Protein chains: 2
Amino acid sequence: MISFTEENYLKALLRISFDSGETGVGTNELAMNLGVKPATANDMLKRLRDKALVDFEKYKKITLTIAGKKIATEVIRKHRLWETFLYEKLEFSWDEVHDVAEQLEHIQSTKLIDKLEKFLDYPAFDPHGDPIPSKGGELTKQFRKTLLDIPVGQLCKMVAVKDNSSAFLQYVVKVGLGINNEIYVQSRQEYDALMVIEVNGVASSVSEKFAENIYVV
Amino acid sequence: MISFTEENYLKALLRISFDSGETGVGTNELAMNLGVKPATANDMLKRLRDKALVDFEKYKKITLTIAGKKIATEVIRKHRLWETFLYEKLEFSWDEVHDVAEQLEHIQSTKLIDKLEKFLDYPAFDPHGDPIPSKGGELTKQFRKTLLDIPVGQLCKMVAVKDNSSAFLQYVVKVGLGINNEIYVQSRQEYDALMVIEVNGVASSVSEKFAENIYVV
DNA sequence: TAAATTTGTTAGGTTAATCTAACTTAATTA
DNA sequence: TAATTAAGTTAGATTAACCTAACAAATTTA
Ligand SMILES: [Mn+2]
Ligand SMILES: [Mn+2]
Ligand SMILES: [Mn+2]
Ligand SMILES: [Mn+2]
């Protein structure tokens, strides 16, 4: 049996390598991400290696094994299906779903998650625009552009957010933005990359940090 | 913060005192119920006492404090609402819901459970006929008759089951029984209390153990 | 009521998951 | 390349939740 904690480590490994675009993950990076000390992460990594869920040599980068990746993907699948349930069926707002899904993602029942998926009518994306892996499926690696990559004078469409924190998501709503909204890039400051964007006829200034957390096409 | 394990101990204490009709619960009884050793239960009870969730003196019976009872009732409320959700919305059968609800009952989110209750349209009973406490409500003590108490020649109606195990529930279905079915008691054996009952025109023999797990009115 | 049985507690030990402090190896920079 | 800094590991400690074995108190039975 796999523990909640082990699942969280595996999920973090998959997400970090996904976000960074690199295969291997560092111990400190992982520890930072999970809010534990490097020594703690190192202990757990040795246990996950004993269980053949991760691969790594002393002082080298960590990678998930096939088995480890499978578990991590299942946890992400559950997380995103639960977020969708909370958003679609229980009237949660998109900034509230993540924290509860962090708990729900660890419920062990294949039947539950398959029935939930059916109940939701096989959704492809969660409320933040992230793809939901299908049963037994992989997390497909897609190269997504952020709002930072859009040149001045161009129109784009928001498809997802990178940061899932409540603080950021509420800010996004305040700017009048949401999934599938069109964004027009009016101008950009050379000095600090501050952008002026227009959404539904309303102009707002957004920072570099903000822009890099908005995925667009 | 209260742990899963602590919640399970509190829930067990409430359920045992409920089932036995007595206020105090014994250490061995509790330990047996939770599938742990008395020494383990004793350790945990001391920790729950430190947190002011139970009351007991050395070598005496254990009772829940107001705070402990409140938590236990909330856990039962969550358990029964989740069972209802699985049964009503996700096409689970009544013998499958309990085990998954054992996990779901520990999810911490007041908003989640209140929204779930609304989504289910404020159900009064779970799939096994047990009452669902309302938000902030108590678990009302009701004296329920079992099929054992019904004399020969009398008609009654099944309203709930005591045993929630999959094995028992599947057996109940096999006998053609379900919540709200009418049962006619045809005969009873003096020697071993074996009963012949009639449900929807079909007669079956049921044991004493079976009969005491069927609540009727 | 004394003995036997049941019930409850204590002492001491294990494992998972965390920590701090000290150390080693790898990578960067001067 | 040598020194410095960053990254990763080890040692030793803590806490929750469990265990076994031994003991103490309460209850039942003879
Ligand atoms: Mn999320
Ligand atoms: Mn999680
Ligand atoms: Mn149940
Ligand atoms: Mn439980």
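None of the values given here were measured: they were computed from a predicted structure. Residue numbers start from 1 in every chain, and the chains themselves are labelled A, B, ... in the order their sequence lines are given, proteins ahead of strands.
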Original post:
Val36(B) side chain: which of dA16(D), dT20(D), dC18(D) is closest?
Top reply: dC18(D)

**OP:** Could you state the atom-to-atom distance from CG of Asn42(B) to P of dA17(D) in whole Å?
**Re:** 15 Å

**OP:** Can you tell me the distance, in whole Å, between the CE atom of Met32(A) and the C1' atom of dT18(C)?
**Re:** 18 Å

Original post:
Is the distance between the ring centroids of Tyr9(A) and Phe4(A) less than 6.0 Å?
Top reply: no

Original post:
Near DNA chain D, which residues from residues 49-62 of chain A have a heavy atom under 4.0 Å away?
Top reply: Phe56(A), Lys58(A), Tyr59(A), Lys61(A)

For residues 210-217 of chain B, which side-chain N or O atoms pair as donor and acceptor with protein atoms under 3.5 Å away, sequence neighbours left out?
| from | atom 1 | to | atom 2 | distance (Å) |
| --- | --- | --- | --- | --- |
| Asn213(B) | OD1 | Asp163(B) | N | 3.4 |
| Asn213(B) | ND2 | Lys209(B) | O | 3.0 |

**OP:** Could you tell me whether Ala39(B) contacts a base, only the sugar-phosphate backbone, or nothing, with contacts defined as non-hydrogen atoms closer than 4.0 Å?
**Re:** base

**OP:** Nearest-nucleotide wise, let me know which of Tyr9(A) and Val25(B) is further upstream toward the 5' end of DNA chain C.
**Re:** Val25(B)

Original post:
Which is true for Thr40(B) with a 4.0 Å heavy-atom rule: it touches a base, it touches only sugar-phosphate, or it touches nothing?
Top reply: base

**OP:** Verify salt bridge (Lys or Arg N to Asp or Glu O under 4.0 Å) between Lys11(B) and Glu102(B), making sure each step is shown before the conclusion.
**Re:** CA-CA 11 Å; Lys11(B) 189 178 71 144; Glu102(B) 271 307 302; 2.8 Å; yes

**OP:** For Phe4(A) and dT18(C), give me the distance from atom CZ to atom C1', rounded to whole Å.
**Re:** 17 Å

**OP:** Give the rounded distance in Å between these two atoms: CG of Leu48(B) and P of dT9(C).
**Re:** 13 Å

**OP:** Measure from NZ or CZ of Lys111(B) to the centre of the six-membered ring of Phe92(A), then state whether that distance is under 6.0 Å and the direction lies within 45° of the axis.
**Re:** yes

Return a table of donor-acceptor pairs under 3.5 angstrom between the side chains of residues 35-49 of chain B and protein atoms on other chains or two or more places apart.
| from | atom 1 | to | atom 2 | distance (Å) |
| --- | --- | --- | --- | --- |
| Arg47(B) | NH2 | Glu6(B) | OE2 | 3.4 |
| Arg49(B) | NH1 | Phe56(B) | O | 2.9 |

**OP:** Could you pick out which residue, Pro38(B) or Thr5(A), lies toward the 5' side of DNA chain C when each is mapped onto its nearest nucleotide?
**Re:** Pro38(B)

Subject >> Between P of dA11(D) and NZ of Lys46(A), the distance in whole Å >> reply: 8 Å

Original post:
Do Leu13(B) and Thr63(B) pass the side-chain contact (heavy atoms from CB on, under 4.5 Å) test, and can you show the C-alpha distance, the side-chain angles, and the key distance before you say yes or no?
Top reply: CA-CA 8 Å; Leu13(B) 285 168; Thr63(B) 54; over 6 Å; no

Original post:
Between atom CG in Leu30(A) and atom P in dT18(C), what is the gap in whole Å?
Top reply: 11 Å

Original post:
Closest approach of Ser134(A) and Glu117(A), non-hydrogen atoms and distance?
Top reply: CA-OE2, 4.3 Å

**OP:** Indicate whether OP1 or OP2 belonging to dA16(C) is found under 4.0 Å from a side-chain N or O atom of Ser3(A).
**Re:** no

**OP:** Please tell me which of the listed nucleotides, dA16(D), dC18(D), dT9(C), lies nearest to the side chain of Thr27(B)?
**Re:** dT9(C)

Subject >> Rounded distance (Å) that lies between atom P of dG8(D) and atom CG of Asn33(A) >> reply: 13 Å

Subject >> Distance in angstrom units between Met44(A) CE and dT15(C) C1', rounded >> reply: 12 Å

